[in-house]
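As structure tokens, the structure follows; a few thoughts come after it.
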Amino acid sequence: MKHSFCKMFSTLLLCLLLYSFTPIHSQLCPGFIKTFTDWIKQKPGMNDGSHAVGAKMSGVTIKDKNPDRYPWGFIYCAEGRVGLSGNNLVGRFTVVFSDRKGSDGKRFNPDKTDLMDVTIYADGRVQFMLRSWGNATYFLQNVQCHGDGFITGLAREGGSRPSFVTIALRKEIMHPGSDGFRDWPR
């Protein structure tokens, strides 16, 4: 009895593990992305009351797997808005990094940032263009769209340095006079 229970439990755990690592293909992403492009199209523009899509992005990068090295990785983040280009969402972000310190030793130095363009295509693909690094481009792999506003995926810059990336999207109404993140990260 005990052996069959363990075998059944092990099989269940294996199924759950396989399910959790099975990528959700981007077929679900077009509908997800369309909800945001349709929102902007309802009231486009840059005036007070116009519709916009806010975005916050974060990534965790492993740059060294040697257990004797530190720092072995870093995190980065950005926030802003994405706009429409056809049926795609596009934005340019100022990105701060945990491994870039200021003279005071604090991480995420706002004077040591990179520019990154992000394109979220209507079909679910996500492309990054590193403006500060010669306009190098790469796509997220295993893109998943989550109904609560998140896009996740794995990025490999130049085939190495894996990063797990999360992009959070939110429908917003523009209020240019009071939007506080326009000066971010300062």
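Contact annotation: the side chain of Arg81 approaches that of Met174 to within less than 4.5 Å [non-hydrogen atoms, C-beta and beyond]. Side-chain contact between Asn88 and Ile120: absent, with no pair of heavy atoms (C-beta onward) separated by less than 4.5 Å. Counting heavy atoms from C-beta outward, Asn87 and Lys41 have side chains that approach closer than 4.5 Å. Counting only heavy atoms from C-beta outward, the side chains of Ile40 and Gln42 never approach each other to under 4.5 Å. For the pair Val60/Phe74, no side-chain contact is recorded, criterion being any heavy-atom separation below 4.5 Å from C-beta on. Side-chain contact between Lys34 and Trp39 is absent, with no heavy-atom pair separated by less than 4.5 Å. Using a 4.5 Å heavy-atom cutoff, the side chains of Val165 and Tyr76 are in contact. Using a 4.5 Å heavy-atom cutoff, the side chains of Met116 and Met57 are in contact.
Taking a cutoff of 4.0 Å between a charged side-chain nitrogen and a carboxylate oxygen, Asp114 and Arg100 qualify as a salt bridge. Asp117 and Arg131 are joined by a salt bridge, as a carboxylate oxygen and a charged side-chain nitrogen come within less than 4.0 angstrom of each other.
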Begin with the C-alpha distance, continue with both residues' side-chain angles, and end with the deciding distance and a verdict on side chain to side chain contact (heavy atoms under 4.5 Å, CB included) for Leu28 and Cys145.
CA-CA 7 Å; Leu28 299 177; Cys145 295; 5.5 Å; no
Verdict with supporting geometry, Thr37 and Leu89, side chain to side chain contact (heavy atoms under 4.5 Å, CB included)
CA-CA 7 Å; Thr37 58; Leu89 298 170; 3.7 Å; yes
Where do Val53 and Leu169 land on the side chain to side chain contact (heavy atoms under 4.5 Å, CB included) test, with the steps shown first?
CA-CA 6 Å; Val53 174; Leu169 300 176; 4.0 Å; yes
Given side chain to side chain contact (heavy atoms under 4.5 Å, CB included), test Phe32 with Ile151 step by step and report yes or no.
CA-CA 9 Å; Phe32 169 83; Ile151 298 173; 3.5 Å; yes
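When only modelled atom types and interatomic distance are considered, Tyr138 and Gln127 share no side-chain donor-acceptor pair under 3.5 Å.
Both Val126 and Leu130 are members of a single hydrophobic cluster when ILVMFWY side chains are connected at heavy-atom separations under 4.5 Å. In the hydrophobic cluster analysis, where Ile, Leu, Val, Met, Phe, Trp and Tyr join through side-chain heavy atoms closer than 4.5 angstrom, Trp133 is grouped together with Val118. In the hydrophobic clustering of this structure, Val143 does not group with Phe164; members are Ile, Leu, Val, Met, Phe, Trp, Tyr whose side-chain heavy atoms approach within less than 4.5 Å, directly or through other members. Under a hydrophobic-cluster definition in which Ile, Leu, Val, Met, Phe, Trp and Tyr are linked whenever side-chain heavy atoms come within less than 4.5 Å, directly or via other members, Phe93 and Leu84 are assigned to the same cluster. In the hydrophobic clustering of ILVMFWY residues, with side-chain heavy atoms under 4.5 Å counting as a link, Phe150 and Leu154 come out apart.
Nearest heavy-atom pair across Pro162 and Arg156 is CB-NH1, 3.5 Å. The shortest non-hydrogen separation linking Ser50 to Pro44 is OG-O, 3.7 Å. The two atoms that bring Gly124 and Ile33 nearest to each other are CA-CD1, 3.7 Å, heavy atoms only.
Of the possible polar contacts, none joining the Ser85 side chain to the Val90 backbone as a donor-acceptor pair under 3.5 Å is found. No side-chain donor-acceptor contact under 3.5 Å links Lys171 to the backbone of His51. Checking side-chain atoms of Thr137 against main-chain N and O of Phe128 turns up no donor-acceptor pair under 3.5 Å.
In this structure, CG on Asp104 lies 12.5 Å from CZ on Arg107, to the nearest 0.5 angstrom. Between the OG atom of Ser163 and the CD1 atom of Ile75 there is a distance of 11.5 Å, given to the nearest 0.5 Å. The OG1 atom of Thr166 lies 13.5 Å from the NZ atom of Lys56; values are rounded to the nearest 0.5 Å. Taken to the nearest 0.5 Å, the OG atom of Ser132 stands 4.5 Å off from the CG atom of Leu115. Note that the SG atom of Cys29 and the CZ atom of Arg125 stand 11.5 Å from one another [nearest 0.5 Å]. Distance OG1/Thr119 to CZ/Arg92: 10.0 Å, rounded to 0.5 Å.
Heavy-atom neighbours of Asp148 CG from other residues, nucleotides or ligands within 6.0 Å: above the threshold of 12.
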